[in-house]
Each structure stands twice: as C-alpha cells, then as structure tokens.
**Q** 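If you scroll down you'll find the structure; I have some questions about it.
Residue numbers begin at 1 in each chain, while the letters A, B, ... track the order of the sequences. Computed from a predicted structure; not experimentally measured.
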Amino acid sequence: MEGRMNYENDLVNLKATELRLGLPGSDEPTEKKMRNNKRSSSEISEESRTSGVTDQAAGVNDEHEESAPPAKAQVVGWPPIRSYRKNCLQAKKNDEVESGSGMYVKVSVDGAPYLRKIDLKVYRSYPQLLKGLENMFKLTIGAYSEREGYNGSDYAPTYEDKDGDWMLVGDVPWE
Amino acid sequence: MSEDDERQESPPSDLEFSSNKARNYNATGSGSGQPEIQSPYSDQVLENVLENVLHFLTSRRDRNAASLVCKSWYRVEALTRSDLFIGNCYAVSPDRATTRFTRVRALHLKGKPRFADFNLMPRDWGAHFNPWVLSMAKAYPWLEKVYLKRMSVTDDDLAMLSESFTGFKELVLVCCDGFGTSGLAIFVSKCRQLRVLDLIESEVVDDETDWISCFPEAESHLESLIFDCVESPINFEALERLVARSPALKKLRLNQHVSIGQLYRLMIRAPQLTHLGTGSFSPSEVAGQGDQELDYVTAFAACKSLVCLSGFREIVPDYLPAMYPVCANLTSLNFSYANITAEQLKPIIRNCHKLQVFWVLDSICDEGLQAVAVTCKELRELRVFPFDAREDSDGPVSEVGLQAISEGCRKLQSILYFCQRMTNAAVIAMSQNCPDLVVFRLCIMGRHRADHVTGEAMDDGFGAIVKNCKKLTRLAVSGLLTDKAFDYIGRYGKLVRTLSVAFAGDSDMGLKYVLEGCPQLQKLEIRDSPFGDAALRSGLHHYYNMRFLWMSSCRLTRQGCQEIANAMPGLVIEVIRSSDEEEMDDSVETLYMYRSLEGPRKDAPKFVTIL
C-alpha cells in the first residue's frame with residue numbers, strides 16, 4: 001500500500017503542474033478514493049490515519065463496495081493473530097525468503113507500534129541503509145564514527161549477529 | 001423454599017434441631033414470645049452451619065447467588081470464599097475486594113480486553129497489577145496463588161509478590177507484560193514454596209539476567225515450569241540441575257533456545273513428566289554437539305505419563321518419529337508453531353486415538369485435517385492457525401477441511417479456524433454434525449469475503465450454528481455478513497456470552513438484534529462495522545449485566561457515547577484515541593465500556609477520555 005500511496009502522490013503532483021481546462025475541485029474523486037483506502041490501513045503514514053478517522057465521521061458507506069484492497073495492504077490487527085505468534089512464524093518465512101530475491105530483515109524501533117521489513121539488497125552502503133531507515137521511521141540517526149558510534153540523536157541502529165550478540169551497525173564492512 | 005427443605009433432610013439431627021429453632025424464630029418474627037436471649041445464639045449457630053456448608057461451594061456463580069440471600073449469607077459467603085475471580089480489574093477496587101473477602105488464598109484477575117492483543121489499543125493503557133499486590137500484601141498474608149491475564153506486571157510487583165507472602169505457591173501470567181528476566185530472578189529466588197511458575201504468551205523483557213540460576217539450591221517443590229514464551233536464552237546447565245532436584249515436576253515447557261539434544265538430557269532426568277513443551281525440536285547450531293546420535297525414541301518411550309506435547313518451535317521434521325511411543329497416550333498436541341505438511345503429520349496423527357485437543361498450522365492443508373478426522377474421534381478442541389497471516393495469502397485450508405472435521409469429530413466442543421475461503425454448506429454441516437459445540441470461531445481472513453461457491457453472504461452458515469448448537473456460548477463471525485446474520489444470532493443465540501464481530505453488518509439493526517436478543521451476553525467486541533449511536537442506545541437495558549463492550553472503527557460519535565454516560569452512572573465509558581493523535585472531532589475511534597463500582601479510574605493515560 002505504501003508503494004501505491006507514493007505513486008498516487010506523484011500523480012497528484014504531476015496534475016498540479018499539468019495545464020488543463022477544468023473547474024477547480026475536479027480532482028476530488030481521486031482524493032476521496034485515496035482516503036477511503038486509508039480508512040483502515042496501518043502501515044501508511046500518520047496523516048492518512050488521521051484523515052481516515054474524519055472520513056468515518058462523515059459516514060462513508062463503502063464497506064461492501066470496497067474493492068479487494070491492494071495486494072500489500074495490511075489492516076491493523078487483522079487477521080486477529082497475536083504479534084508473538086506472527087513474529088515467530090515470520091522468522092520461519094524469512095528463512096524461506098532469504099534464498100530467493102531480496103534479503104529482508106525485520107526492523108523494530110523503540111516507541112514504534114509495529115515492526116517493519118526492509119530489503120537489504122536494495123542498499124549498497126551503510127549511508128544508504130541509514131537514509132532508508134530514517135525515511136521509513138521518520139527519525140534521525142546521526143553520523144557514524146568508529147570511536148563514538150552514532151552522535152546527534154537518540155537512535156542507534158543495532159542488529160543481532162549469528163552468535164546472538166547485539167552489534168552496532170557500521171562496524172563491519174558492508175560486504 | 002426448596003433449599004430449606006433440602007437442608008432439613010440431609011444434616012445430622014442435632015444441627016437440624018438448631019436450624020429448625022432458628023427458622024421458627026425468623027418465621028414468627030419479633031415479639032412472638034421467643035425470648036431475645038436465644039436470637040444471637042441461633043444466628044451464630046446458623047452462621048456456623050452455613051460456614052460449614054458453604055465451604056463446599058466452589059462455583060463462583062453459586063457463591064454469588066448465595067451471597068444475595070440475606071445479610072447473614074452475604075457475610076458467611078464472604079468469609080468462606082477462598083478463590084477470588086475478578087473478570088475486569090477496573091470493575092472493583094483492590095480495597096473494596098479485600099474488605100469484603102477477608103480469607104482469600106487465590107486471586108484470578110483479568111485486565112485488558114482481548115482486542116488489545118491485536119495492537120488495537122495503544123500501549124500503557126493500564127491494567128496495572130501494582131495496586132492489587134499492595135492491597136493484598138496487607139490483607140492476605142496467606143495468599144498462595146495468583147493468576148493474571150492481560151495485566152501489566154512490573155519487576156517490582158514480582159519482587160513484592162515474593163516478599164509479601166511466605167507461603168506463595170503458584171504464579172500464572174497469561175498475555176502479561178511489563179516485567180523482565182530480572183523480575184523473574186528476584187521472584188524465584190525468594191519464593192521458597194513455589195510449585196507453579198507458568199508464563200504463557202507473555203512478553204518478557206530480556207534483561208540478560210540468568211533467572212534459572214536463581215532458584216534456591218535446595219530440593220524444589222516445583223510441579224510446573226512453563227516458559228516457552230520467554231524469548232531470551234537460558235542457562236541450560238542450571239536448568240538441568242533444577243529439573244534434577246525437582247522430583248515433583250510434572251509440567252515443563254521449554255523455550256525455543258533449548259535444542260533437541262538438550263531436550264533429551266532433560267527428558268531422561270524427568271520421565272515422570274505429564275506435560276512437555278519441546279523447545280526448538282531441532283539440533284543445536286553449535287557444531288559437534290552430537291545431537292543427531294542420541295536415542296530420542298527411548299527418551300520419549302520412557303515418559304509413560306506424557307499426555308500433553310507442545311513446542312516444536314523450529315522443528316526439523318526428521319526428528320518427528322521420535323515421538324511415536326507417546327502418540328497413543330496423548331490427549332493434547334500443539335503443533336501450532338510447526339510448519340509441517342500433511343505427509344509429515346499423517347504418521348503421527350494416525351496413532352493419536354485419544355487426542356482431545358489439537359492445535360496446528362494450516363500448512364497441513366485440508367488433507368491433513370482429513371487425516372485428523374479419520375483418527376481423532378475423541379477430539380474436543382481444534383485450532384487451525386495460519387502460517388501466513390495476511391489477507392491475501394494462499395489458503396491451504398478451506399471448507400473441505402472443515403467439512404471433514406465435522407464428519408469425523410462428532411464430539412467437537414470448541415473450534416478456532418483460520419482460512420481464506422469458506423462455504424455456508426460446510427458451516428451448516430458442522431452445526432448439524434457437532435451439536436456439542438460450545439465455542440465456534442471462524443476467521444475468514446479476507447475481509448467481507450462471501451461463500452466462494454454460491455457468492456452469497458455467510459449469514460446462513462452462522463445462522464445454522466446458533467440455531468443448531470444449543471450449547472453455544474462463544475461465537476466469532478467473519479466473512480461477508482449482512483444484518484440477517486445478526487438477526488439469527490439475536491433470535492437463536494440465547495446462551496451466547498462472548499461475541500466477536502469484525503467487518504460485518506449493514507446498519508444499526510445488526511447490533512440492535514444482538515443487544516435486544518441475547519440475554520446472556522457478557523463480552524461484546526466489535527471492530528470496523530457500521531454500527532452507530534442509535535444501535536448503542538438499544539443496549540441500555542443490558543449494559544449493567546455485561547462485563548464490557550468494545551467498539552472500534554465503527555460509527556460512534558462523542559455525543560452518542562455521552563448520552564450513554566449520562567443515562568448510566570454505573571458504567572465507565574472510555575473513548576480511546578491512537579496515542580499519537582490529537583483530539584480531532586466528534587467521531588469515536590475506540591469505545592471501551594464496562595460496569596464498575598468505582599467510577600472513572602485515576603490511572604487513565606492521556607489518550608483515554610472517560611466520559
């Protein structure tokens with residue numbers, strides 16, 4: 001859903017630069033559709049969640065006409081499986097996925113309500129990875145230095161290596 | 001007054017004489033000529049009799065009824081209640097509870113509503129154990145057992161628990177959070193009489209404390225140690241020594257950091273086990289451990305009392321044959337973390353003739369469920385969990401598996417079934433084949449999904465369940481459902497106590513049918529359904545009889561909820577926002593409403609508004 005969201009944003013921006021004849025507000029159908037989809041979606045940004053609530057008050061009656069949500073859209077707490085179980089089984093799925101394309105790892109951030117997945121193969125260096133994380137979680141990580149770790153923010157990226165130890169991201173060469 | 005007649009017939013003659021005297025006094029009232037001196041004597045004798053009799057009353061519903069007979073019965077029942085159950089920790093304050101019930105030995109306390117398990121409630125909502133442990137430390141020095149579900153428990157609480165009650169024996173934490181391994185360490189080190197420590201589906205913070213080593217070195221009284229939900233590694237050598245010095249140990253459930261080789265070592269030390277959680281059920285990753293060469297079959301064969309098996313967290317199916325010796329005796333088998341196929345299941349399940357409880361992943365497919373149906377004629381409870389818990393995943397199980405189970409397992413009482421597609425026909429078949437069903441929870445993971453054969457809503461299927469399953473008390477619905485489904489539930493679901501609704505219904509009428517039709521309704525949890533203020537109002541006559549009502553992402557407004565608050569002072573009405581949202585407008589994202597003797601709670605976080 002997030003991918004699609006970005007696409008729609010781009011579309012709207014393109015429209016803003018487009019020269020065309022038409023009354024203002026004729027963009028509405030597209031926007032309304034976006035907000036309906038946001039109503040119960042989770043992994044999208046906070047603004048969309050907020051606007052989703054507004055829509056409810058307006059009594060948007062879309063339950064049955066709602067087309068099947070886009071393939072990757074996930075609703076908070078649905079299906080009703082406890083996160084503990086989901087995480088355990090997710091780990092097994094990771095083992096299967098790793099051999100194929102993409103190397104997905106779980107990322108959790110203190111204070112964020114849910115975990116995220118990123119594909120490490122998409123990045124070619126630590127700075128790229130950190131930028132990706134910063135974008136995803138809307139936080140700053142600060143600058144890496146070999147001696148002091150990460151300065152300039154409350155967040156430091158760490159990972160668990162195969163020995164089960166917690167390591168600071170960036171110490172070991174990227175390859 | 002049949003109860004009085006019964007009492008007259010059974011007790012010994014001297015007691016009968018006394019109670020007759022007391023009854024005659026009461027019947028004729030004051031000023032009847034009976035001397036006043038006799039009355040305290042009679043009352044006291046009556047209360048002594050009552051105390052002796054009421055000790056035998058264990059059911060809390062019977063006790064609640066007995067306490068309403070008169071003040072005397074109220075007093076005596078309160079004195080004799082040793083097991084205190086509180087279904088909502090905010091319905092009554094700790095002090096009120098300890099004042100009324102002065103001789104409690106066991107406390108059973110529940111906190112957050114169930115939908116909190118699915119991230120529908122922000123963290124730090126409440127349900128703190130702390131005020132309870134403080135109050136009980138003063139009131140119940142002889143407390144022995146504490147059972148908590150969905151409560152927030154801190155390390156300090158655990159410390160206080162271990163320090164305040166010298167005879168403390170049993171701690172069971174289900175779906176709890178807020179504590180870590182260091183809290184466990186303090187707890188186990190100080191509880192010298194500990195028999196039961198069960199951590200079930202709880203979140204335990206890894207403080208990197210070796211809590212297993214903190215059990216006292218002397219011979220332990222441990223009968224049950226369950227820690228399969230603890231995600232941190234444990235000191236295995238210390239665990240092995242602990243098991244060796246716990247001759248009474250019957251239940252042991254290991255976490256996924258225990259390899260199969262380590263499991264072997266524990267099993268040969270504790271062949272008396274009845275309940276075993278097998279940990280990872282895969283060889284250690286450390287090379288040279290020699291896990292492959294151990295004789296697992298013999299280890300299992302030695303456990304002649306084993307009836308309940310679980311674990312299998314990282315199962316290597318090659319090791320499954322080790323459990324053949326115990327299959328014939330198993331009454332409970334939990335494969336719900338084992339990603340196995342039908343072919344891998346069949347050799348096991350075909351020997352499990354006595355199986356009553358079976359939890360499994362849908363990786364076994366309809367074919368696996370058919371195999372279960374062939375052999376497990378004693379099955380009472382089945383839970384089929386999804387390996388891939390997403391709306392759009394492939395669905396390896398379907399109506400085919402459900403139909404097979406209904407035909408093979410006629411004694412089924414409880415079912416939880418996750419699937420991607422279902423038909424009314426299969427659900428109707430189950431309602432007819434399994435009349436003993438008490439719990440029916442069907443989760444069609446794709447929202448609003450219709451019967452995939454007929455294209456119709458799933459109304460008739462669930463309608464048949466409430467109509468035909470006359471003992472049904474718990475129901476969870478899913479799939480495409482119109483108001484008609486709720487009409488059925490209201491009309492036929494007369495014993496339903498717990499109802500879960502998600503993405504269902506057309507209008508307020510749906511909720512109205514249920515609130516007006518189901519007199520036994522206690523717990524109602526609804527999400528993402530088009531029910532609004534008018535529907536809410538239709539339950540006013542019933543809310544005081546319910547434990548709680550949860551409605552999230554429905555059509556409620558602040559004003560509508562405020563009306564309820566004004567009309568019913570005995571209810572606490574919480575409007576809960578997602579923690580990072582500001583108060584936007586009149587719409588209510590989440591309503592959580594419950595009866596309470598205490599009024600608005602003082603520990604509500606700022607994202608909760610109590611109307």
**Q** Looking at Thr557(B), Asp388(B), Asn119(B), which one has more heavy-atom pairs under 4.5 Å with chain A than the rest?
**A** Asp388(B)
**Q** Taking Arg447(B)'s backbone N and O only, do any of them form a donor-acceptor pair with Trp78(A)'s side chain (distance below 3.5 Å, no angle check)?
**A** no
**Q** Could you tell me which non-hydrogen atom of Met445(B) sits nearest to which non-hydrogen atom of Pro79(A), and how far apart they are?
**A** SD-CG, 3.4 Å
**Q** Listed by chain and number, what are the side chain to side chain donor-acceptor pair (under 3.5 Å) partners of Trp550(B), not counting sequence neighbours?
**A** Ser552(B)
**Q** For Ile81(A) versus Phe385(B), what's the shortest heavy-atom pair and its separation?
**A**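 Smallest heavy-atom distance, with atoms named: CD1-CD2, 4.5 Å.
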**Q** For Glu456(B), check salt bridge (Lys or Arg N to Asp or Glu O under 4.0 Å) against everything at least two apart and list the hits.
**A**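 Glu456(B): no salt bridge (Lys or Arg N to Asp or Glu O under 4.0 Å) contacts found.
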**Q** Quick check on Arg313(B) against chain A: is it the side chain, the backbone, both or neither that has a heavy atom closer than 4.5 Å?
**A**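 It is both, since atoms from each part get that close.
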**Q** Working to the nearest 0.5 Å, report the span between CZ of Arg82(A) and CD of Glu203(B).
**A**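 So the gap between those two atoms works out to 12.0 Å.
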**Q** Less than 4.5 Å apart, side chain to side chain, heavy atoms only: is that true for Asn339(B) and Leu89(A)?
**A**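 No, their side chains stay 4.5 Å or more apart.
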**Q** Specify the closest pair of heavy atoms between Val75(A) and Arg527(B), including all atoms of both residues, with the distance to one decimal.
**A** CG1-NH2, 3.3 Å
**Q** Find out whether Pro80(A) and Cys443(B) are in side-chain contact, i.e. whether some heavy atom of one side chain is under 4.5 Å from a heavy atom of the other.
**A** yes
**Q** Measure from the side-chain N and O atoms of Arg85(A) to the backbone N and O of Ser336(B), and report whether any donor-acceptor pair falls under 3.5 Å.
**A** yes
**Q** What distance separates Glu201(B) CD from Ser83(A) OG, expressed to the nearest 0.5 Å?
**A** 10.0 Å
**Q** Measure the spacing between OH of Tyr84(A) and SG of Cys175(B) and express it to the nearest 0.5 Å.
**A** 11.5 Å
**Q** Where on Leu556(B) is there a heavy atom nearer than 4.5 Å to chain A: the side chain, the backbone, both, or neither?
**A**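 Contact with chain A: none, neither part.
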**Q** Any idea which of Pro233(B), Ala389(B), Pro386(B) has the most non-hydrogen atom pairs under 4.5 angstrom with chain A?
**A** Ala389(B)
